[in-house]
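Model, not experiment: these values are computed from the prediction.
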Amino acid sequence: MHNEQSAMSRRRLLAAAGAVPLAAAASRALAQQAEGQPMPGNAQLPEPAGEKMRWAIVGLGSFAIGQVIPGFGDARQSRMTAFVSGNPEKARTLGERYGVTRLYSYDNFDRIASDEEIDCVYIVLPVGLHAEYTIRALKAGKHVLCEKPMASTVAECEAMIAAAGEANRQLGVAYRVHFEPANMEALRRIQAGEIGTMRHVQCDHGFSANPEFPPHAWRLTKTLGGGGSMYDIGVYGLNTSLMMLDEAPVEVSAVYSTPAGDPRFTEVEGGIDWRLRMPSGISVQGSSSYCYSPYASRQRYFGSTASIIMDPATTYYDNSLVMEGGGPRREIGTGNAIAQFGAQLDGFSEAARTNSPHRTPGEMGLRDMRIIAAMYESADNDGTAVRL
Ligand code: NDP
């Protein structure tokens, strides 16, 4: 009996002894499931909410609603806190949808000065209003990103830059192509010498303006449009071409291509064909029109060993990059064009937050406006070249 009991005790003891390591292993396994892991390599960390720059959008029109506002969905350093509009009902509707509670009108706009929830202001108004609202926002102590073209005249651009200097705030022009993946890739290839030496640039941009469509109607007036197609779609050809080159033009010539008798063009030109002469001897040749159909947005860079064709080149959603020469014709895949909107916002937010240079500063807008003014001067004088 004694022996039986001691044999059982021994078995229990052994079983119990065996159970201890089993339980320890089980709890170790559980602990391992809950163990922290190192930060993944190349982690893309969003900015903490409090560190995002806070933006007011001025002018809730087709571009603001269609592209600018959705662009905040992709932004990591930027968020919307205010809308400025002449249509309170539209502002309220959009505010409810996007969680934007601070709503201003054009009349009480200057009150943004005491609104600490606004760091940056994005001007998305007709061109003729850019200078006034940019300067008011700068005087209110805010950083300003202004839509293209920067303003109606060189003098307005200069006044905007002076206001930014006085306010010690950033001023940028919303040249979104500088943040667009296909154009960034073209720039990288050109700078890496993949087309050899640049020999010529050709660009054509246009669409058919419809005076019955409100966003086109103001573009056909001198006071709100500033000028004609060159003040609108033509700016892409000019600014994008110069982005790809390492030099600034020394001479400009242009002729109007407005169709005779077209009733749409009583105040502004319907089209303009232009040429820039660069110090290296090459030329950039462009056309801009409110009379093209279908929509045209093309850039072509002719190099000494290869060329790059972009057609379309500067659209919101879908730009194409093709290389010809130096091998078979090849389409180069690039990122999604829509990323340009969030990237542009974040580029400006970062410059404003860190007080560092912005990729498309007011000075670039002024440079382009000086060239555009020279184009009009040349076209007004039957294409006589204007030295810059
Ligand atoms: P819209 O006509 O669609 O919108 C302009 C908005 O400005 C209006 O909805 C209105 O907003 C406000 N506004 C204030 N005063 C006036 C006025 N007197 N007449 C008309 N509108 C007025 O134009 P877009 O959205 O097409 O263009 C706005 C700006 O964006 C322009 O500078 C344009 O060059 C630029 N743009 C840039 C593009 C790009 O790719 N970067 C593409 C398209 C445009 P509210 O009702 O809220 O007051």
Who passes salt bridge (charged side-chain N to carboxylate O under 4.0 Å, His left out) against [X], sequence neighbours left out?
{"X": "E158", "value": "R370"}
{"X": "E166", "value": "none"}
{"X": "E132", "value": "R136"}
{"X": "D346", "value": "none"}

For the residue pair [X] and [Y], what are the closest heavy atoms and their distance?
{"X": "C146", "Y": "M160", "result": "SG-CE, 4.0 Å"}
{"X": "L366", "Y": "C157", "result": "CD1-CB, 3.7 Å"}
{"X": "Y175", "Y": "M364", "result": "CD1-SD, 3.7 Å"}
{"X": "E147", "Y": "A174", "result": "OE2-CB, 3.4 Å"}
{"X": "M184", "Y": "V177", "result": "CE-O, 3.7 Å"}
{"X": "V124", "Y": "I57", "result": "CG2-CG2, 4.0 Å"}

Are Y290 and F207 an aromatic pair by the rule of ring centers under 6.0 Å?
yes
In this structure, is the centre-to-centre distance between the rings of F348 and F179 below 6.0 Å?
no
Salt bridge (Lys or Arg N to Asp or Glu O under 4.0 Å) between E185 and R189, worked out:
CA-CA 6 Å; E185 179 61 15; R189 285 168 183 262; 2.7 Å; yes
So, [X] versus [Y]: side-chain donor-acceptor pair below 3.5 Å or not?
{"X": "T314", "Y": "S297", "result": "yes"}
{"X": "S349", "Y": "W55", "result": "yes"}
{"X": "Y104", "Y": "D115", "result": "yes"}
{"X": "Y231", "Y": "E269", "result": "no"}
{"X": "S288", "Y": "S229", "result": "yes"}
{"X": "T240", "Y": "Q299", "result": "no"}
{"X": "R176", "Y": "Q340", "result": "yes"}

Are [X] and [Y] joined in one hydrophobic group, where the rule is that I, L, V, M, F, W and Y side chains link up if heavy atoms are under 4.5 Å apart?
{"X": "Y133", "Y": "L103", "result": "no"}
{"X": "I372", "Y": "V386", "result": "no"}
{"X": "M310", "Y": "V235", "result": "yes"}
{"X": "L224", "Y": "I233", "result": "yes"}
{"X": "I65", "Y": "Y106", "result": "no"}

Spell out, as yes or no, whether a donor-acceptor pair under 3.5 Å connects the side chain of [X] to the backbone of [Y].
{"X": "T305", "Y": "I195", "answer": "yes"}
{"X": "S241", "Y": "G237", "answer": "yes"}
{"X": "S105", "Y": "D107", "answer": "yes"}
{"X": "Q170", "Y": "S356", "answer": "yes"}
{"X": "R54", "Y": "E116", "answer": "yes"}
{"X": "S378", "Y": "T384", "answer": "yes"}
{"X": "R219", "Y": "D232", "answer": "no"}
{"X": "T258", "Y": "G270", "answer": "yes"}

Show, in sequence, the C-alpha distance, side-chain angles and deciding distance for H178 and N239, and conclude whether the side chain to side chain contact (heavy atoms under 4.5 Å, CB included) test is met.
CA-CA 9 Å; H178 290 248; N239 182 264; 2.8 Å; yes
Is E267 salt-bridged to K222, going by a charged N under 4.0 Å from an acidic O?
no
Are R300 and E324 ion-paired here, with the side-chain N under 4.0 Å from a carboxylate O?
yes
By side-chain contact (heavy atoms from CB on, under 4.5 Å) - contacts of N87 (at least two apart):
S85, E89, K90
Give a yes or no on whether [X] atom [atom1] has more than 12 heavy-atom contacts from other residues, nucleotides or ligands under 6.0 Å away.
{"X": "R111", "atom1": "CZ", "answer": "no"}
{"X": "R102", "atom1": "CZ", "answer": "yes"}
{"X": "N108", "atom1": "CG", "answer": "yes"}

Distance from [X] atom [atom1] to [Y] atom [atom2], nearest 0.5 Å?
{"X": "I282", "Y": "R199", "atom1": "CD1", "atom2": "CZ", "answer": "9.0 Å"}
{"X": "T315", "Y": "Y236", "atom1": "OG1", "atom2": "OH", "answer": "10.0 Å"}
{"X": "Y256", "Y": "F265", "atom1": "OH", "atom2": "CZ", "answer": "13.5 Å"}
{"X": "L388", "Y": "L276", "atom1": "CG", "atom2": "CG", "answer": "8.0 Å"}
{"X": "H130", "Y": "K148", "atom1": "NE2", "atom2": "NZ", "answer": "8.0 Å"}
{"X": "D368", "Y": "M150", "atom1": "CG", "atom2": "CE", "answer": "10.0 Å"}

Check whether any side-chain heavy atom of V58 sits under 4.5 Å from a side-chain heavy atom of V121, and report yes or no.
yes
Does the side chain of I123 come within less than 4.5 Å of V144's, by heavy atoms?
yes
Decide yes or no on side chain to side chain contact (heavy atoms under 4.5 Å, CB included) for W274 and V284, but give the supporting numbers first.
CA-CA 8 Å; W274 50 269; V284 178; 3.8 Å; yes
Suppose we screen for side chain to side chain donor-acceptor pair (under 3.5 Å). Which residues come up paired with R97, at least two apart in sequence or across chains?
none
H200 vs F302 aromatic rings, parallel, tilted or perpendicular, using cut-offs 30° and 60°?
tilted
